[in-house]
Peer 1: 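One structure, as C-alpha cells, below. Some questions next.
All values reported here derive from a predicted model rather than from experimental measurement. Below, all heavy atoms of this structure are taken into account, side chains as well, without hydrogens, waters or symmetry copies. Below, read A as the first sequence line, B as the second, and so on, with proteins coming before strands; counting in each chain starts at 1.
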Amino acid sequence: MTPPDLIAEVARNLTRKKTRAALTMAGVVIGALAVVLIVSLGHGLSQFLDHQVRALANPRLVEAWPKSGINPARLAQSMVTGLGRAPREITSEKEDEFIGAFQIKYLEPAQVEGLRRIPGVSAVQPMVFILARSLQVRGDPREFDTIVVPWIQAGPELLLKGRGFSSDSAHECIVSEAYLQSLGLASADALLGQTVLLNISEHPLLNITGQPRLAGDTPAELRRLFDLVRKPPADPDEAMLALFMQLGEMADTLQAFEREGNGTDARTFPAKVVGVARKGLLSNLVYVPDEYAREMGRILLRNPDLYTERAFGLGALLRVNEAADVPAVKQAVRALGLVPRSVEDLLGELHSLFVTLQKLLLIFGGIAFVVAAFSIVNTLLMAVFERRREIGVLQALGATRRLVAWMFAVEAAAIGFLGGIAGGCGGWLLCSLGNVWAAHRWPDVLGNTDLFLPPSWLFGGLLVFTTLFGLLAGVYPAMRAARLDPVEALRYE
Amino acid sequence: MATIRIDRLTRVFRVGDSEVRAVDNLALTLDTGALASIVGPSGSGKSTLLALLGGLDTPTSGAITVDGRPLHQLAADDLAAYRRTSVGFVFQDFFLLSHLTALENVELPLKLSGMPRAARRERAEGLITQVGLTQRAAHLPRQLSGGERQRVALARALANQPRLLLADEPTGNLDVHTGRQIADLLVELNARQRITMLLVTHNLDVARRAPVRFNMTDGALHPAHPAAS
Ligand SMILES: Nc1ncnc2c1ncn2[C@@H]1O[C@H](COP(=O)(O)OP(=O)(O)OP(=O)(O)O)[C@@H](O)[C@H]1O
Ligand SMILES: [Mg+2]
C-alpha cells in the first residue's frame, strides 16, 4: 500500500466513529492547550523582563563579589533551591550560602587594587546600597516613593530628555518620566531645573541593634579630650582650663543630641533635576552621581568610613570600556579570587528561574498527556477488537503484519497530530485573548509587549511532539493488531 | 505440470493437553486449471486445508507447493506476497468491509498491491461489470442482497488475477437459486480463465458441478466414488 493510500485509509477509519475520535483527541487537545499557554506565558514574561533589564541595566558593568560573604545571587538561589529539600547542614565553607549565616566582609584594599589594574576597566567603585525614604519636589509637601540608583548602574539608552551629570559629586539627579504622572506635570520641561529632595534615613534596623548612638561629633571630641589628657599644657592652670572647656563642649554636643531625640538620623539630599529617564518596569527610579550616592549610603548604614578606602564595601562595580571586553574582564576578576557577575548573568538567572517555573507548570500539561495516552491506547484496543475480522480479511488479501501495525500506529499518530492542531489553534486563540486582557489590565507596565508570546518553534515543535506521542501510544495496539491470527479472525462464530 | 502438490501435510492444533489433527497426513495433486470440490462432515479439516493452501496458516509438518512455491518454507512476508498476487479467497460469510462500497471493496486488493488510483478504479469497474453489478457499484454491503454480496466478494477475489481460487462454502448462506447462479459464475470463470479452483461445499448439487471431487474425513482427502456422484 502506498503512503498516500495508507493515510487515506487511516482518515477513513478515523471518521467512522467521529464522536469517539473527538473524545479520544480531547486529552491531547487539553495537553497541547496547556503547553501552549504555559510556554507562551513563560516566554512572554521572560522576554518582557529581558527587555526591561536590558533597557535599564548597563551592559558594560561587571560586579565583583568575594567568594565568601554576601552574594545576592547565591542567596536568592539558596532560597529557591531550598524548596522541598531536607534542611542542609551549614558548614564553615558553605555558611555564606545561607541567608542567616553569612558573614559580612569588605573587599580588601589589595583586591580593589587588583580590580583597578584589570585592562579595559575604566572605573572601580564600591557597590552602594541605598534605601531612600522618599522623593519630594522642593516647595511641595507631597512625598513619593523612590529607589535611588548610582549613575554607574544606568543603562545606555536611558536619557529621554536633558543631560548627564556635571561631576561625580554634583548635587544633581535624573528622574524617571513616571514621576511626571505622579506629580501631575504635563511635560518633562516642567521638571527640568527644579530641585528635588531625596530623604534618606538611617536604616531602621540599626536602631534595634542595641548599640547606643553617639552624636555626630562625639568621637572627635573624645579624641581631643584624650589628646589633652595625654599631652597636657605645661602650665597646670592652663591645662585645667583646657580640660574644662573640652568637657563643656562635649556636654553641649550631648545635650543637643538629647534634644533631637534618640530616633533615627535622617538627612535630606537636595538634587537639581538635570534629566528625565525613560521609564521601565521599575518606574520610581532616581539616578544620582556616584559620589553623591555613596554619601547617601553612608547615612543609611551610619558608617562615615563606608565606601572609602578604609571600608570599600561588600562588592565592587567595574565599568568596562567596551562591552566586548566583558568576558575577559570577568575572567580577570575570577583570577583575583572574586566572583564576577554581569547583566548576562542576571538575565541567565532570570531565564533559568522561568525555565524552572515552566517545568513545574508543564507537569500539569504532562498529566493531560498521560491521560491522553491511556485514552488513545484504550480507543485503539477497542478498534482492534472491533475490526479484528476486517484485519483478517486484509491479511487474507495480502496485507503484511507490518502494514496492519502501521495502519493502527498511523491512526494513533493522526489522533496526536489532529489533537495538536486543535490544541495549538485553541492555545493560540487563548494567548491572543490573554494578551488583549493583559494589555487592558496593565497598560502602563506592558506597553506594547505581549504577555503570552509563543516562541517561533512552539507550534512546529508541538505538532511533532503530539504526533510522535500519538505514534508511541499506538505502538501497543498496533502490535496487538499485527499479532492477530487471520485464520482465527475469519472463523465464523 | 501440476499447480498444487501436497505431500504428507499435517496440521495439529493443541488446546490445553488435547491435540486435534485437523489435517492429517494429507496428499493431493491438482493440475493447472482444475476445478475440484471437497465435501465432508463438519470438523473434518476442510477450512484448515484451504487456509494452508492460501498461505494464511502454516503446516505442522509436510510439504505444500503451489506453482512451484514451497509454502511450508516461506517467511511471513513472502506468504503475504503470495496471498496478494496468487490467491483469491471467497468465504461463506462474504467478509466484505462494511464501510466500503462494492467498488471500493473490489479495489482493496489492488490498493494493497500499490496499484495507482486511476488504474485500480478502472480494473475494479471492469470486475464489477463482469459479475453483473454495474448498477450496484456505489452501494454499501448492507444495501446488497446475499447473492450480490457474494458476487462482490468474487470480484474482489479475482482482482489481482490469481492463479488459484479458494472458496469455502461460497453458497452456504444463499438460497438454492442464488447458490446455483454463483456456482455457474465459478464454473464459467474456471472454464474461461483457467483459474485453478478448490471448492468446499455442503451442497451436493454444487459439488457435482466440479469435474474432480473429493470427500474429506478426519483430515484426509479421498476421491469421491463415481457412484456417489
Ligand atoms: N485455531 C484452532 N484451534 C483449535 N482447534 C482448531 C482450530 N481451528 C480448527 N480447529 C479444529 O480443527 C478441526 C477442523 O476444523 P475446520 O474448521 O477445518 O473444519 P471444517 O471441515 O471446515 O468444518 P465446517 O464444515 O464446520 O466448517 C475441528 O475439529 C476444529 O475444532
Ligand atoms: Mg469450515
Peer 1: Counting only heavy atoms closer than 4.5 Å, note whether B:Glu107 contacts chain A via side chain, backbone, both or neither.
Peer 2: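 Neither part.
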
Peer 1: Name the region of A:Leu403, side chain, backbone, both or neither, that has any atom closer than 4.5 Å to a heavy atom of chain B.
Peer 2: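 Contact with chain B: side chain only.
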
Peer 1: Given a strict heavy-atom distance threshold of 4.5 Å, which part of B:Leu79 is in contact with chain A: side chain, backbone, both, or neither?
Peer 2: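 It is neither, since no heavy atom gets under 4.5 Å.
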
Peer 1: Quick check: are there more than 12 heavy atoms from other residues, nucleotides or ligands sitting under 6.0 Å from CD of B:Gln143?
Peer 2: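 More than 12 heavy atoms, drawn from other residues, nucleotides or ligands, come within 6.0 Å of this atom.
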
Peer 1: Identify the heavy atoms of B:Ala51 and A:Val487 that sit nearest to each other, and give their distance.
Peer 2: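 For B:Ala51 and A:Val487, the tightest heavy-atom pair comes out as CB-CG2, 4.0 Å.
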
Peer 1: Are there more than 12 heavy atoms of other residues, nucleotides or ligands under 6.0 Å from atom CZ of B:Arg123?
Peer 2: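 More than 12 within 6.0 Å, yes.
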
Peer 1: Let me know if B:Ala76 has heavy atoms under 4.5 Å from chain A in its side chain, its backbone, both or neither.
Peer 2: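 Contact with chain A involves no heavy atom of B:Ala76 at all.
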
Peer 1: Output the distance between atom OG1 (A:Thr400) and atom CZ (B:Arg84), rounded to the nearest 0.5 Å.
Peer 2: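 A:Thr400 atom OG1 to B:Arg84 atom CZ measures 6.5 Å (nearest 0.5 Å).
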
Peer 1: So for atom CZ, which belongs to A:Arg12, do other residues, nucleotides or ligands contribute more than 12 heavy atoms lying within a distance under 6.0 Å?
Peer 2: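 Result for CZ/A:Arg12: enclosed.
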
Peer 1: I need the A:Arg491 CZ to B:Asp168 CG distance, nearest 0.5 Å.
Peer 2: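 A:Arg491 atom CZ to B:Asp168 atom CG measures 10.0 Å (nearest 0.5 Å).
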
Peer 1: Return the OG1 to NE2 distance between A:Thr15 and B:His99, rounded to the nearest 0.5 Å.
Peer 2: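 A:Thr15 atom OG1 to B:His99 atom NE2 measures 8.5 Å (nearest 0.5 Å).
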
Peer 1: Would you find more than 12 non-hydrogen atoms of other residues, nucleotides or ligands less than 6.0 Å from B:Arg117 atom CZ?
Peer 2: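 No, not enclosed.
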
Peer 1: With a 4.5 Å limit on heavy-atom distance, are the side chains of A:Leu394 and B:Leu108 in contact?
Peer 2: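 A side-chain contact under 4.5 Å exists here.
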
Peer 1: Locate the shortest heavy-atom distance separating A:Leu490 from B:Phe91; write the atom from each residue and the value.
Peer 2: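 Reported closest heavy-atom pair: CD1-CZ, 3.7 Å.
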
Peer 1: Test: ring-ring contact (aromatic ring centres under 6.0 Å, His included). Region: residues 360-394 of chain A. Which pairs qualify, not counting sequence neighbours?
Peer 2: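 Applying ring-ring contact (aromatic ring centres under 6.0 Å, His included) to every pair that reaches into residues 360-394 of chain A, excluding sequence neighbours, yields A:Phe369-A:Phe465, A:Phe369-A:Phe469.
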
Peer 1: Of all the heavy-atom pairs spanning B:Ala80 and A:Ala399, show the shortest one and how long it is.
Peer 2: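 Heavy atoms only, the tightest pair is CB-O, 4.2 Å.
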
Peer 1: Flag yes if more than 12 heavy atoms outside B:Arg69 fall under 6.0 Å of its CZ atom; otherwise flag no.
Peer 2: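 Buried by this count: over 12 neighbours within 6.0 Å.
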
Peer 1: Show every salt bridge (charged side-chain N to carboxylate O under 4.0 Å, His left out) that has at least one partner inside residues 390-416 of chain A, sequence neighbours left out.
Peer 2: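 Every pair satisfying salt bridge (charged side-chain N to carboxylate O under 4.0 Å, His left out) with a residue in residues 390-416 of chain A: A:Arg16-A:Glu390, A:Arg387-A:Glu411, A:Arg402-B:Asp77.
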
Peer 1: Write down the atom of B:Arg83, the atom of A:Gln395, and the distance for their closest heavy-atom approach.
Peer 2: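 So the two residues come closest at NE-O, 2.5 Å.
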
